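For the numbers below, each heavy atom of this structure counts, side chains included, while hydrogens, waters and symmetry mates do not. All figures in this text were calculated on a predicted structure; none of them were measured in a lab.
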Amino acid sequence: MEQTIEIQNLKCGGCKKTIKNKLKLLEGVSNVTVNIENGTVSFTQESDEVFLNFKKTLTKLGYPLVADKNSLGKIAKSYISCAQGRMEN
(Lines give C-alpha, C1' and ligand atoms only; values in the text may rest on other atoms or scores of the structure.)
Protein backbone atom coordinates (compact mmCIF):
# COMPACT_ATOMS: atom_id res chain seq x y z
CA MET A 1 0.00 0.00 0.00
CA GLU A 2 1.41 3.39 -1.01
CA GLN A 3 1.18 6.30 1.43
CA THR A 4 2.20 9.93 1.65
CA ILE A 5 2.30 11.61 5.04
CA GLU A 6 3.07 15.15 6.18
CA ILE A 7 5.73 15.54 8.86
CA GLN A 8 7.02 18.36 11.03
CA ASN A 9 10.55 19.77 11.39
CA LEU A 10 11.72 18.79 7.89
CA LYS A 11 14.17 21.53 6.93
CA CYS A 12 16.84 20.48 4.45
CA GLY A 13 18.82 17.84 2.60
CA GLY A 14 20.43 16.62 5.82
CA CYS A 15 16.99 15.83 7.26
CA LYS A 16 16.00 14.15 4.01
CA LYS A 17 19.11 11.96 3.96
CA THR A 18 18.69 10.82 7.56
CA ILE A 19 15.00 10.04 7.08
CA LYS A 20 15.62 8.02 3.91
CA ASN A 21 18.58 6.12 5.40
CA LYS A 22 16.74 5.17 8.60
CA LEU A 23 13.38 4.32 7.05
CA LYS A 24 14.73 2.15 4.26
CA LEU A 25 16.13 -0.14 6.99
CA LEU A 26 12.64 -0.91 8.32
CA GLU A 27 11.24 -4.29 7.40
CA GLY A 28 8.13 -4.03 5.22
CA VAL A 29 8.93 -0.50 3.98
CA SER A 30 10.14 0.32 0.46
CA ASN A 31 10.25 3.17 -2.07
CA VAL A 32 10.90 5.91 0.52
CA THR A 33 10.97 9.42 -0.96
CA VAL A 34 11.16 12.70 0.94
CA ASN A 35 9.86 16.01 -0.42
CA ILE A 36 11.36 18.93 1.50
CA GLU A 37 9.20 21.59 -0.17
CA ASN A 38 5.93 19.84 0.76
CA GLY A 39 7.14 18.41 4.07
CA THR A 40 6.08 14.92 3.02
CA VAL A 41 7.39 11.37 3.07
CA SER A 42 6.05 8.85 0.56
CA PHE A 43 6.57 5.12 0.90
CA THR A 44 5.16 1.68 0.27
CA GLN A 45 4.18 -0.39 3.30
CA GLU A 46 3.27 -4.04 3.58
CA SER A 47 0.76 -3.68 6.45
CA ASP A 48 -0.78 -1.29 8.97
CA GLU A 49 1.53 -2.72 11.63
CA VAL A 50 4.50 -1.57 9.53
CA PHE A 51 3.04 1.95 9.53
CA LEU A 52 3.10 2.09 13.34
CA ASN A 53 6.81 1.25 13.35
CA PHE A 54 7.38 3.81 10.55
CA LYS A 55 5.62 6.53 12.55
CA LYS A 56 7.51 5.61 15.74
CA THR A 57 10.86 5.79 13.92
CA LEU A 58 10.06 9.20 12.43
CA THR A 59 9.05 10.55 15.84
CA LYS A 60 12.21 9.16 17.45
CA LEU A 61 14.26 10.98 14.80
CA GLY A 62 12.42 14.25 15.60
CA TYR A 63 9.96 14.29 12.69
CA PRO A 64 6.46 13.64 14.06
CA LEU A 65 3.43 13.57 11.78
CA VAL A 66 1.66 16.92 11.33
CA ALA A 67 -1.33 15.62 13.29
CA ASP A 68 0.88 14.67 16.26
CA LYS A 69 2.15 16.90 19.05
CA ASN A 70 5.49 18.57 18.39
CA SER A 71 7.67 19.44 21.37
CA LEU A 72 10.93 21.22 21.99
CA GLY A 73 12.57 17.83 22.51
CA LYS A 74 11.40 16.58 19.10
CA ILE A 75 12.60 19.78 17.44
CA ALA A 76 16.02 19.34 19.07
CA LYS A 77 16.15 15.70 17.90
CA SER A 78 15.40 16.83 14.34
CA TYR A 79 18.41 19.17 14.41
CA ILE A 80 20.63 16.30 15.57
CA SER A 81 19.22 14.01 12.85
CA CYS A 82 19.77 16.78 10.30
CA ALA A 83 23.40 17.22 11.34
CA GLN A 84 23.99 13.47 11.13
CA GLY A 85 22.55 13.44 7.60
CA ARG A 86 24.85 16.26 6.56
CA MET A 87 27.94 14.49 7.91
CA GLU A 88 27.24 11.14 6.22
CA ASN A 89 28.89 10.51 2.87
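In the model, T18 has no side-chain atom that pairs as donor or acceptor with a side-chain atom of S81 under 3.5 Å. For the residue pair K11 and S78, a side-chain donor N or O sits within less than 3.5 Å of a side-chain acceptor on the partner.
Put simply, NZ on K55 and NZ on K60 are 15.0 Å apart, with the number rounded to the nearest 0.5 Å. Distance check, rounded to the nearest 0.5 Å: CD of E27 to CG of N53 gives 9.5 Å. In this structure, CG on L26 lies 10.0 Å from CZ on F43, to the nearest 0.5 angstrom. With values rounded to the nearest 0.5 angstrom, T59 atom OG1 is found 9.0 Å from K77 atom NZ. Atom OG of residue S30 and atom CD of residue E2 lie 8.5 Å apart, to the nearest 0.5 angstrom. Interatomic distance, I36 CD1 to I19 CD1, rounded to the nearest 0.5 Å: 8.5 Å.
Considering only heavy atoms from C-beta on, V32 comes within 4.5 Å of V41 through its side chain. Side-chain contact between L61 and K22 is present, with heavy atoms from C-beta onward closer than 4.5 Å. Two residues are said to be in side-chain contact when any heavy atoms from C-beta on lie closer than 4.5 Å; F51 and I5 meet this criterion. Within the 4.5 Å cutoff, side-chain heavy atoms of C12 are placed close to those of R86. No side-chain heavy atom of Y79 sits less than 4.5 Å from a side-chain heavy atom of N9.
Heavy-atom minimum distance, K69 versus K74: O-NZ, 2.9 Å. L10 and N35 get closest at one heavy-atom pair: CD2-O, 3.6 Å. Residues P64 and N70 approach most closely at CG-OD1, 3.8 Å, considering heavy atoms. Between T4 and T40 the shortest heavy-atom distance is CG2-CB, 3.8 Å. Residues C82 and Y63 approach most closely at N-OH, 3.6 Å, considering heavy atoms.
Looking at Q8, its side chain does come within 3.5 Å of a backbone N or O of D68 through a donor-acceptor pair.
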>> Set out, in order, the CA-CA distance, both residues' side-chain angles and the distance that settles side-chain contact (heavy atoms from CB on, under 4.5 Å) for M1 and D48, then state yes or no.
In response: CA-CA 9 Å; M1 172 187 320; D48 290 337; 4.2 Å; yes
